[in-house]
Amino acid sequence: MKDQDNNFRENYRETGFLVNIKKITNLDLLYSTIIGVLGGIISSLIPFSLLIKVWYPLTGGTQLVSGHHVIWASIIYGLTKKKPTIFLTMFSKGLLEFLFGDPWGLLIILVNIIEAFFLSLGFFIMEKIGEGETKLGWAIAGGMGNFFQAPFFWVINQRWYLHWSLWVLAFIFAFLSGILIVGLLGRTVKNYLIKAGVPTTY
Amino acid sequence: MESRNFYILIISITLGLAVFWLTVYAVITLDVDLFQSSQTLVIKGEGITSEFSISLNELKSDKYLQVTDREFKIVNSFETEYYVTYSGVSLWSILEVENLLVQSPEELKFQFWARDAYHSPKPINLSIAQNSPNLVILAYEENGRPLFETGPIRSVIDDTIIPIGEYSSQYSVQKLSTIIIE
């Protein structure tokens, strides 16, 4: 029996993968790439806005599903607990969107990185006030991460000519979508992934 | 913990009420017709003889000038250029065939409105539709397929004839429902 154990050990090589380290590991890079590419493909090709357009009468309502662009960043943070992986994931996602021919060109990469920044900032603040692992903390961090893109796009689209109530509604929807999709749904997906056996790296 | 949940509840209710009343306010203020059929386009305003309503099927009839699979240059406000192939009906041909105008096009302006209260930034001179009837269209197909989530009708103006300082993407109005001519 002991010989058999030794044989098993010989068959495995040490990989250098360690838990409880702050550095980015290969597994972090792998997760970031896979999730970023998945997010890029889904963001570019699947018209989630249809879920809203069929029942909500006003322009800007599609912000209610805009959180699906950022949920990938909250999932990766749940698996790695390292803020740089949020940036790596969103960069990969932005690159994919650019390669799929996004009408905003290279700007879409910058938008993804700024979303990553605000989400990281949200998690940072929530951790400082002791809400880093709660639903409330994830919801507010998600809201912060997703909120930025709405005013950004409405401003660079120069939609000054639209009624102020449409602006306000779009911004509220962006924040709500961040709470519900990026924060709460992201946290739930992360929990299920961990429960399903996906190894965390923190 | 109980007071924390209470505050979360209060904030949620406040946000919900704000969204509801703002939506009601916007629908009333912007005069959004929630019951207008998506298959119908309305042309109205002081520049035409009387309000004119036309269905999608009528738009596709040979009575009007049809523009088929034409590539349109679109530029957005970030100055990104892209090209999209649309099929649709010439706006000018509808106005001409139906004899809708009360004045010469040089004296009139037009603006596109969508069902969701989006509208083109400002009214532009109707003479561009007259001078380039193939470049100001009401599109019903994109890349050979009927418009779906952005349709069934969408206004399209080629960037080459758009007034200086304007962006053609802002005049490419999805879910077009009304054209106002004044």
Side-chain angles (χ1 to χ4, degrees), chain A residues 46-65 98 101-108 110-111 129-131 134-137 139-140 143 152-177 179-180 184, chain B residues 1 4-5 7-9 11-12 14-36 38 74-84 111 113-123 148-151 165-167 169-175 177:
Chain A
I46 299 181
F48 280 102
S49 58
L50 271 180
L51 292 170
I52 304 299
K53 282 186 178 178
V54 293
W55 62 270
Y56 185 74
L58 301 173
T59 186
T62 51
Q63 286 291 343
L64 269 173
V65 283
F98 169 68
D102 192 279
W104 292 102
L106 281 170
L107 182 72
I108 199 67
L110 179 70
V111 171
I129 61 172
E131 295 281 357
T134 63
K135 283 181 186 169
L136 178 70
I140 295 174
F152 183 82
F153 272 116
W154 279 54
V155 167
I156 61 167
N157 269 310
Q158 300 177 25
R159 293 183 174 170
W160 324 116
Y161 49 89
L162 292 183
H163 196 262
W164 65 266
S165 58
L166 299 175
W167 281 72
V168 176
L169 280 166
F171 298 168
I172 294 177
F173 288 155
F175 190 68
L176 285 178
S177 183
I179 288 174
L180 297 173
L184 299 181
Chain B
M1 187 53 114
R4 179 175 172 272
N5 290 346
Y7 290 134
I8 294 172
L9 183 68
I11 292 170
S12 306
T14 309
L15 264 180
L17 285 172
V19 167
F20 176 76
W21 286 113
L22 267 173
T23 304
V24 172
Y25 173 75
V27 167
I28 293 169
T29 311
L30 298 168
D31 196 20
V32 178
D33 183 357
L34 299 175
F35 303 104
Q36 182 182 335
S38 62
I74 309 289
V75 177
N76 67 22
S77 52
F78 195 61
E79 305 281 351
T80 306
E81 285 181 25
Y82 50 98
Y83 293 83
V84 189
Q111 189 173 26
W113 280 79
R115 288 199 307 281
D116 60 8
Y118 178 85
H119 56 86
S120 50
K122 57 185 175 192
F148 183 48
E149 76 268 21
T150 60
E166 299 296 317
Y167 298 103
S169 70
Q170 296 179 329
Y171 290 83
S172 185
V173 176
Q174 307 176 5
K175 303 201 281 184
S177 68

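Proteins get letters first, then strands, A, B, ... in listed order; numbering begins at 1 in each.
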Residues of residues 55-64 of chain A contacting chain B, heavy-atom criterion under 4.5 Å, by residue number
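Contacts with chain B: Tyr56(A), Pro57(A), Leu58(A), Thr59(A).
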
Contacting moiety of [X], where chain A heavy atoms sit under 4.5 Å:
X	result
Leu15(B)	side chain
Gln174(B)	side chain
Leu30(B)	side chain
Ser169(B)	neither

Among Leu176(A), Val168(A), Leu136(A), which has the most heavy-atom pairs under 4.5 Å with chain B?
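Option with the greatest count: Leu136(A).
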
Select, from Pro103(A), Gly105(A), Ser49(A), Pro47(A), the one with the greatest count of heavy-atom pairs under 4.5 Å involving chain B.
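Top option by heavy-atom pairs under 4.5 Å: Pro103(A).
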
Please name all residues satisfying side-chain contact (heavy atoms from CB on, under 4.5 Å) with Ser12(B), sequence neighbours left out, ordered by chain then number.
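If we apply the side-chain contact (heavy atoms from CB on, under 4.5 Å) test to Ser12(B), skipping adjacent residues, the hits are Ile8(B).
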
Counterpart residues, side-chain contact (heavy atoms from CB on, under 4.5 Å), relative to Phe175(A) (two or more places apart):
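For Phe175(A), the residues satisfying side-chain contact (heavy atoms from CB on, under 4.5 Å) (neighbours in sequence not counted) are Phe147(A), Ile179(A).
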
Residues in salt bridge (charged side-chain N to carboxylate O under 4.0 Å, His left out) with Lys122(B), at least two apart?
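Per chain and number, Lys122(B) pairs via salt bridge (charged side-chain N to carboxylate O under 4.0 Å, His left out) with Glu166(B).
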
Parallel, tilted or perpendicular: ring planes of Tyr118(B) versus Tyr161(A), cut at 30 and 60 degrees
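Taking Tyr161(A) first and then Tyr118(B), their aromatic rings stand perpendicular (interplane angle over 60°).
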
Which answer fits Leu162(A), side chain, backbone, both or neither, if we ask what part of it has an atom under 4.5 Å from a heavy atom of chain B?
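Both backbone and side chain of Leu162(A) come within 4.5 Å of chain B.
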
Let me know if Trp160(A) has heavy atoms under 4.5 Å from chain B in its side chain, its backbone, both or neither.
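No part of it gets close to chain B.
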
Calculate, to the nearest 0.5 Å, the distance between atoms [atom1] and [atom2] belonging to [X] and [Y] respectively.
X	Y	atom1	atom2	answer
Leu22(B)	Trp167(A)	CG	CH2	15.0 Å
Leu166(A)	Tyr25(B)	CG	OH	10.5 Å
Thr80(B)	Asp102(A)	OG1	CG	8.5 Å

For Phe173(A) and Val19(B), which heavy atoms make the closest approach, and how far apart are they?
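Scanning both residues completely, I find the closest heavy atoms to be CE2-CG1, 3.4 Å.
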
